[in-house]
Amino acid sequence: LDGGPDNISIDEDGSLWVANHINTLALVKHFGDESQLAPTQVQKVAFNETRAESPVTFFENEGEKISAGSVGAVYLNKLAIGSITENKILLCDLDLKAGS
């Protein structure tokens, strides 16, 4: 994975959705000062018959949409992203075929 995994959720086909902290220094700064943004990334790890496939990034930003994202969960072609520090959930439309 591209960062430090935080929470992992499993969708209906058994794929893993992993929220990663991709900049630990920014995350630590964000804990001390919430105006300092911490990047958020959510990756999907699917499995074939023998092993895990390469992770696919479905969401990533520098923290302006949601900072310190800690969980990504999929339901009905939506990706819900929660944060360690923000009192909100970011709800994104998913195009699962395009990987975004």
Side-chain angles (χ1 to χ4, degrees):
L1 299 171
D2 291 337
D6 195 330
N7 284 295
I8 300 170
S9 62
I10 303 171
D11 71 13
E12 61 190 25
D13 73 5
S15 295
L16 305 180
W17 290 83
V18 184
N20 291 311
H21 298 292
I22 56 175
N23 186 331
T24 305
L25 183 57
L27 180 64
V28 171
K29 288 180 180 179
H30 179 69
F31 287 148
D33 177 1
E34 288 189 15
S35 70
Q36 298 288 318
L37 300 180
T40 295
Q41 180 191 70
V42 179
Q43 292 185 304
K44 177 183 178 182
V45 180
F47 296 87
N48 61 35
E49 294 80 29
T50 59
R51 61 184 180 82
E53 297 176 4
S54 295
V56 176
T57 300
F58 275 81
F59 181 87
E60 182 174 318
N61 82 16
E62 293 301 311
E64 62 275 1
K65 292 188 178 188
I66 191 163
S67 204
S70 62
V71 64
V74 174
Y75 182 70
L76 297 177
N77 292 328
K78 300 280 187 188
L79 173 61
I81 302 171
S83 167
I84 299 170
T85 57
E86 295 191 26
N87 198 16
K88 68 179 184 180
I89 293 174
L90 181 64
L91 191 59
C92 306
D93 291 323
L94 279 179
D95 182 352
L96 293 172
K97 293 177 187 167
S100 62

Quiz prompt | Co-members of the apolar cluster containing F31 [side chain, <4.5 Å] | solution = L27, I84
Quiz item: Out of curiosity, does F58 fall in the hydrophobic cluster containing I66 (side-chain heavy atoms, cut-off under 4.5 Å, transitive links)?
Solution: yes
Exercise. For residues S83 and S70, report the shortest heavy-atom separation together with the two atoms involved.
Key: C-OG, 3.6 Å
Exercise. With sequence neighbours left out, write down each residue that passes side chain to side chain contact (heavy atoms under 4.5 Å, CB included) with L1, or none if nothing qualifies.
Key: P5, V18, N20, Q43, V45, P55
Exercise. Name all pairs fulfilling the side chain to side chain donor-acceptor pair (under 3.5 Å) condition that reach into residues 3-15, sequence neighbours left out, sorted by first residue then second.
Key: D6-H21, D11-W17, D13-S15
Quiz item: If you take all heavy atoms of T57 and Q41, which pair is closest and at what distance?
Solution: OG1-NE2, 3.8 Å
Practice problem: Using atom types as modelled and distance alone, determine if a side-chain donor or acceptor of S67 lies under 3.5 Å from a backbone N or O of L37. | Solution: no
Quiz item: Given the rule that I, L, V, M, F, W and Y join up when any side-chain heavy atoms are under 4.5 Å apart, are V56 and F59 in one cluster?
Solution: yes
Quiz item: Can you tell me how far OG1 of T85 sits from CD of E34, rounded to the nearest 0.5 angstrom?
Solution: 5.0 Å
Quiz item: At their closest point, which heavy atom of H30 faces which heavy atom of Q36, and how far apart are they?
Solution: ND1-O, 2.6 Å
Quiz item: Are Y75 and I89 in one and the same hydrophobic cluster, where Ile, Leu, Val, Met, Phe, Trp and Tyr link if side-chain heavy atoms are under 4.5 Å apart?
Solution: no
Exercise. Find out whether C92 and I81 are in side-chain contact, i.e. whether some heavy atom of one side chain is under 4.5 Å from a heavy atom of the other.
Key: yes
Exercise. Give the cluster check for V71 versus L16: same hydrophobic cluster or not, with ILVMFWY residues linked at side-chain heavy-atom distances below 4.5 Å.
Key: no
Self-check item: Shortest non-hydrogen contact between G72 and A19, atoms and distance
Solution: N-CB, 4.1 Å
